[in-house]
Amino acid sequence: MSKITSLKKIINVFQLYGIALTGKRKSANFYSGLHMERSFVQGLVFELEYELKRELADDKANTVETPQQLINYLINS
């Protein structure tokens, strides 16, 4: 799968969760900046893994704190 196709899928999933990936929101903390609960962040990670047919290592999935960090993990894995 190309990077462009992956990025389109990532953007669509983030939009489903109401997260815009423009401006400061892409580097906002999930918990303090976007006020998400851990279960929703884990759901977001699961949805992204499913859409991209990739799996993040548990240590990365459990420590992700920003949309930008999550995207970097998914694109570079």
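Hydrogens, waters and symmetry mates play no part in the numbers below; they use all other heavy atoms, side chains included. Bear in mind that the values here come from a model prediction, so they are computed numbers and not experimental data.
To the nearest 0.5 angstrom, Leu48 atom CG is 10.5 Å from Ser6 atom OG. The NZ atom of Lys60 sits 8.0 Å away from the CG atom of Asn76 when rounded to the nearest 0.5 Å.
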Could you list the donor-acceptor pairs under 3.5 angstrom formed by side chains in residues 14-28, with sequence neighbours left out?
{"unit_1": "Tyr17", "atom_1": "OH", "unit_2": "Gly43", "atom_2": "O", "d": "3.3"}
{"unit_1": "Tyr17", "atom_1": "OH", "unit_2": "Leu44", "atom_2": "N", "d": "3.3"}
{"unit_1": "Ser27", "atom_1": "OG", "unit_2": "Lys24", "atom_2": "O", "d": "3.3"}

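The nearest pair of heavy atoms linking Ala61 to Val64 is O-CG1, 3.5 Å.
Side-chain contact check for Val45 versus Asn62: every heavy-atom pair is 4.5 Å or farther apart.
In this structure, the side-chain hydrogen bond (donor to acceptor under 3.5 Å, both in side chains) partners of Glu65, at least two apart in sequence or on a different chain, are Asn29. Applying the side-chain contact (heavy atoms from CB on, under 4.5 Å) test to Phe40 and every residue at least two apart in sequence or in another chain returns Met36, Glu37. With sequence neighbours excluded, no residue forms a side-chain hydrogen bond (donor to acceptor under 3.5 Å, both in side chains) with Tyr50.
More than 12 heavy-atom neighbours from other residues, nucleotides or ligands sit within 6.0 angstrom of OH on Tyr31.
A side-chain hydrogen bond (donor to acceptor under 3.5 Å, both in side chains) check over residues 66-75, counting only residues at least two apart or in different chains, returns the pairs Gln69-Tyr73.
Hydrophobic clustering, with ILVMFWY side chains joined whenever heavy atoms are under 4.5 angstrom apart, groups Ile75 together with Val13. In this structure, Phe46 is not a member of the same hydrophobic cluster as Phe30, with clusters built from ILVMFWY side-chain heavy atoms closer than 4.5 Å.
A donor-acceptor contact shorter than 3.5 Å links the side chain of Glu49 to the backbone of Leu56.
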